[in-house]
Protein chains: 2
Amino acid sequence: MKKGVTTLKKLSKILNLSVSTVSRALNDHPDISDETKESVKKLAQSMNYVPNIFAKGFRKSKSNILGVLVPSITHYFHSTILKGILEEASMKGYRVIISESNNDVLQQTEMLNTLTQFGVDGILASLTKKTKNVDSILPVFSKLPVILFDKVSNKIPCTRIITNDEEAAYNVVEHLINIGKKRIAIIKEREFSYNSEKRYTGYLKALKDNNLEIDEKIIISVDDISQQQGKRMTNILLSLKQRPDAIFAITDGAAIGVIQTLKKFNIKIPEEIAVVGFSNNINSTIIEPTLTTVDQPGETLGKTAVKYLIEEIESNTDIVMHKTIELKSSLIIRDSTFRAK
Amino acid sequence: MKKGVTTLKKLSKILNLSVSTVSRALNDHPDISDETKESVKKLAQSMNYVPNIFAKGFRKSKSNILGVLVPSITHYFHSTILKGILEEASMKGYRVIISESNNDVLQQTEMLNTLTQFGVDGILASLTKKTKNVDSILPVFSKLPVILFDKVSNKIPCTRIITNDEEAAYNVVEHLINIGKKRIAIIKEREFSYNSEKRYTGYLKALKDNNLEIDEKIIISVDDISQQQGKRMTNILLSLKQRPDAIFAITDGAAIGVIQTLKKFNIKIPEEIAVVGFSNNINSTIIEPTLTTVDQPGETLGKTAVKYLIEEIESNTDIVMHKTIELKSSLIIRDSTFRAK
DNA sequence: CTGAAAGCGCTTACAG
DNA sequence: CTGAAAGCGCTTACAG
C-alpha cells in the first residue's frame, strides 16, 4: 500500500476527534452534529480520503461486487445483457466480476465456486446449453443469492429472468401464416436447451391453433446449432418430396446458413421459402435478404436481473420468494419474409 | 456472514495448533513440518475451508482483482480481447472487473477512479476515441499499474499493447496494388484516433513506395466512422470525375457500408472497385461479396496485456520500463478484392 | 452528541 | 518447528 494514503485515523488526529466520530460523520450517522459532519467531510474531501474497500468489506462481510457467469462473452446477445448489467450495477454502487464458462460444464462449476469464494455478494448466471445435471452447482445456490438469466434451468430453485420465447415463437409462426405460408419447418436444438424447447412449444401451439398439420419430417433437431448446421439442415429440407414453404431457425446464425443455402439453389426468398431467425444479431441486417427475426431486450434483461439480485442481497429476510420474470421481445419483420415494394 | 464458515481459528482449535501454524501450513511455509502441513491441509479440505478473501486482501493490501475499461463491451473486437483477458487472468489467479466508458470521456475518468478506489491491483484500459486531453486520467497512472491496449495514447507514460496497424495497412495497400489497382481511396477518422492515424500512415507509405500518386480527393476523413458514414462517403467518391478503383475503409463497419452502396449502383466488386475493411468482424463473412480485411489477434492481445500487467503488479521495483508491444495481424483475402474462380 | 474498545480473519516479525 | 501478539482500517454496541 502506498504511504500517504488518507485513513480515518489520520483525519481524526488532524480534527482532534475520535476515529469513531469521523467514521460516523462520513456515514451520515444521525447522532453526529451537522457542524462536525461538515468539517469532517470537508477535510476528507481535501485530503482525497477514499475508504479502504477491503477493510470495509471485511468488516461488514459485504463486497459490493456482483459475479456474472456467461457461456461466452463474445456472444452478441449476451454482450448486450452484460452492458445492461454493468450500467445498472454501477448506478447502484456495485462492481461486476465477469467470468466465462466457455460452454463447458466443468468450467462452469469451477467458475461459480471461485466467484463464491471471491466474496461476491451475489451471482448472475446464464448456464451452458449442456447443463443437464445441476447437482454440482446446486450447493452454490444455498450459499448466496444467485439469479439465472436467459439460459436457465427449472431444476434450480431461484429467481429467473428470461424473455418470452414461447410467445415470440408463436408470433413468428403466426406471421408466417399471415403471409400465406402453410408448411413451416423448424430447426431447433436437440435437447436440454431451455430456450429451444420454449420456442418449439410456441411453434407447435401456433400450428395447432391455426389447424396446420404438424409434420415430423420438417421438424429438425440438431446437436449444436450454428451457421454450418443451418446450411446442412437446409439441404436436408430441400431434399424432401414436400418441401417447406418457410423455415424458422431457432437462432440467427442458423437462419443465415439457411439463407445462404437457399440462395445457392436460387430459391426465391421469401416467395418460395421464407426464413425467420431469432435474436436480432448485427448479422441479420447484413445478410441479403435481410432477416426477419425476434429482437430480445438484452440491456433491459441485464438491468432487471441486477435489480432483483440486489433486492435479494439487501433484503433482511431469509425467505426469498423466487420469481420468474418474463420480458417481452418483439418480431422484426424484414425482407426474408416480407419485402416492402 | 453465514455461520458455520470454516476459519483458521476453528481449524486451529480442532487440531490443537495455533492459528499462526495453521496459516503457515496452508501457505506452505518452509518452517512447518511436512507432517503438520499434511494434517492441516487434510482437515481444511474436509471442512471446506476457503480463505476469507477480504481478510487476506485487507491484510496484504492486494486484491487479486484486475480492472478493465473498454469503450463498449458489445464491440466485437474488444469482446475477443476481453475473452483473452479473462482466460489469462483466471489462469494466474486473478479476477477481472469490467467497466465501460461508453466512449464518453467523463465516464472514462469516473470509471478509472472508481476502479482505483475499489482496490484493484492494476488496470487494463482501452481509451475512448475522443480522448485528446489526458490530464484528467493522468493521476490514475501514478497510483497503480495501468496498461493501455488497442486504443492507446502516446501522451501517457505506460506500457502499451497494440497491433501493427501501420504495417497491416501497408500490406492492405500492397495487396490492392498487386491485383492491379492504381487509384486507392481511404476512408479514415478525422483526428485523435491513434489507430486511424497509424493505418493512414501505412497507406501513405505504401503508395509512396510504389510510386503511386497521393490524391487528397480520395482521402476521406469522417468524424465518427460507421456503416452509415461508409455509405455516405462512397456516394461522394462515386461522384468524383476520377473514381477510385479501390476503397480501403479503416473499419469493417464502414467497408460494409461501402459495399452496400457500390452494389446499389451495380458497380462490380472487385473488378471495378475493390473493397477492404479492418478487424475481421463476423459480418465480414456475411456480406456479399465477402470482405477482405485484417484479422487482429484479439485473444492474444488480451492475454499479452494481462501478462505485462501482472508482471508490473508483482514486480518489487518501483522503476518500471514502459514498453510498446506490437502484435502481428494478418490480411484475410476474400471476394471483395480477389475472387477465386 | 462523542469516545474507548472490541473485533472482523488473516499474516508475520519476534521470541523461543 | 511452533506460538503469542500486534496490526491491517473500518464499524458499532456500549457507555457516558
Side-chain angles (χ1 to χ4, degrees), chain A residues 1-41 43-44 47-65 93 116-121 314 316, chain B residues 1-41 43-44 47-65 93 116-119 121 316:
Chain A
M1 180 59 75
K2 316 276 177 310
K3 56 220 153 178
V5 173
T6 311
T7 63
L8 289 188
K9 206 170 159 190
K10 270 196 200 159
L11 294 177
S12 70
K13 271 192 188 149
I14 295 177
L15 289 161
N16 254 321
L17 284 169
S18 71
V19 174
S20 347
T21 305
V22 175
S23 165
R24 280 192 275 248
L26 255 14
N27 289 309
D28 263 327
H29 191 101
D31 270 4
I32 307 295
S33 72
D34 288 348
E35 220 180 337
T36 313
K37 277 184 195 170
E38 208 176 321
S39 67
V40 170
K41 284 183 183 171
L43 183 70
M47 291 185 64
N48 283 317
Y49 171 73
V50 165
N52 178 320
I53 221 88
F54 286 96
K56 208 166 177 168
F58 173 41
R59 184 62 235 277
K60 309 184 90 173
S61 64
K62 178 147 193 296
S63 61
N64 270 51
I65 297 180
T116 310
Q117 90 186 58
F118 235 82
V120 299
D121 292 339
E314 295 181 351
N316 299 310
Chain B
M1 181 59 77
K2 316 279 176 309
K3 56 220 153 180
V5 172
T6 311
T7 63
L8 289 188
K9 205 170 159 189
K10 270 196 200 160
L11 294 176
S12 71
K13 269 192 189 149
I14 296 176
L15 290 160
N16 254 322
L17 284 169
S18 72
V19 174
S20 346
T21 304
V22 175
S23 166
R24 281 192 275 249
L26 255 15
N27 289 309
D28 264 329
H29 191 103
D31 270 4
I32 307 294
S33 73
D34 286 351
E35 219 179 337
T36 313
K37 277 185 193 170
E38 208 176 322
S39 68
V40 170
K41 284 183 182 172
L43 184 71
M47 290 185 65
N48 283 317
Y49 170 73
V50 164
N52 179 318
I53 220 89
F54 286 96
K56 210 167 175 166
F58 174 42
R59 186 61 234 277
K60 310 184 90 173
S61 66
K62 177 144 194 298
S63 61
N64 270 49
I65 297 179
T116 310
Q117 90 185 59
F118 236 82
D121 292 339
N316 298 312

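Only a predicted model underlies this, so the values are computations on that prediction, with no experimental measurement involved. The sequence lines fix the lettering, A, B, ..., with proteins before strands; numbering per chain opens at 1.
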Visitor: Within residues 20-28 of chain A, which residues have any heavy atom lying less than 4.0 Å from an atom of DNA chain D?
Guide: A:Ser20, A:Ser23, A:Arg24, A:Asn27
Visitor: So which atom in B:Leu26 and which in B:Tyr49 form the shortest heavy-atom distance, rounded to 0.1 Å?
Guide: CD2-CE2, 3.7 Å
Visitor: Counting side-chain heavy atoms from CB outward, which of D:dC10, C:dG9, C:dT11 is closest to B:Thr7?
Guide: C:dG9
Visitor: Who passes salt bridge (charged side-chain N to carboxylate O under 4.0 Å, His left out) against B:Lys9, sequence neighbours left out?
Guide: none
Visitor: Reading DNA chain D 5' to 3', how would its secondary structure be written in dot-bracket notation, given Watson-Crick and G-U pairs with both distances under 3.5 Å, brackets [ ] for crossing pairs and | for partners on other strands?
Guide: |||.||||||||.|||
Visitor: By nearest atom, which of the nucleotides C:dC10, D:dC1, D:dT11 is closest to the B:Arg59 side chain?
Guide: C:dC10
Visitor: For A:Lys13, which residues count as a salt bridge (charged side-chain N to carboxylate O under 4.0 Å, His left out) partner, sequence neighbours excluded?
Guide: none
Visitor: Counting only side-chain heavy atoms from C-beta out, which of C:dC1, D:dT11, D:dC1 sits nearest to A:Asp31?
Guide: C:dC1
Visitor: With sequence neighbours left out, what residues match A:Ser39 under side-chain hydrogen bond (donor to acceptor under 3.5 Å, both in side chains)?
Guide: none
Visitor: List in chain and number order the residues that pass side-chain hydrogen bond (donor to acceptor under 3.5 Å, both in side chains) with B:Thr7, two or more places apart in sequence or in another chain; answer none if no residue qualifies.
Guide: none
Visitor: Between C:dC10 and B:Phe58, is there a base-stacking contact, meaning the centre of the base's six-membered ring lies under 5.5 Å from the residue's ring centre while the planes stay under 30° apart?
Guide: no
Visitor: Under 4.0 Å between a side-chain N/O of B:Tyr49 and OP1 or OP2 of C:dG9, yes or no?
Guide: no
Visitor: Write down the distance separating the P atoms in D:dC14 and D:dC10, rounded off to the nearest Å.
Guide: 24 Å
Visitor: Among A:Thr36, A:Leu43, A:Val40, which residue meets the side-chain contact (heavy atoms from CB on, under 4.5 Å) test with A:Val22?
Guide: A:Val40
Visitor: Provide the distance between the two C1' atoms, one in C:dG16 and one in C:dT12, to the nearest whole Å.
Guide: 16 Å
Visitor: What residues, two or more places apart in sequence or in another chain, satisfy side-chain contact (heavy atoms from CB on, under 4.5 Å) together with A:Arg24?
Guide: A:Ser20, A:His29, A:Ile32
Visitor: Does B:Asp28 have any side-chain contact (heavy atoms from CB on, under 4.5 Å) partners at least two apart in sequence or in another chain, and if so, which?
Guide: B:Lys37, B:Lys41
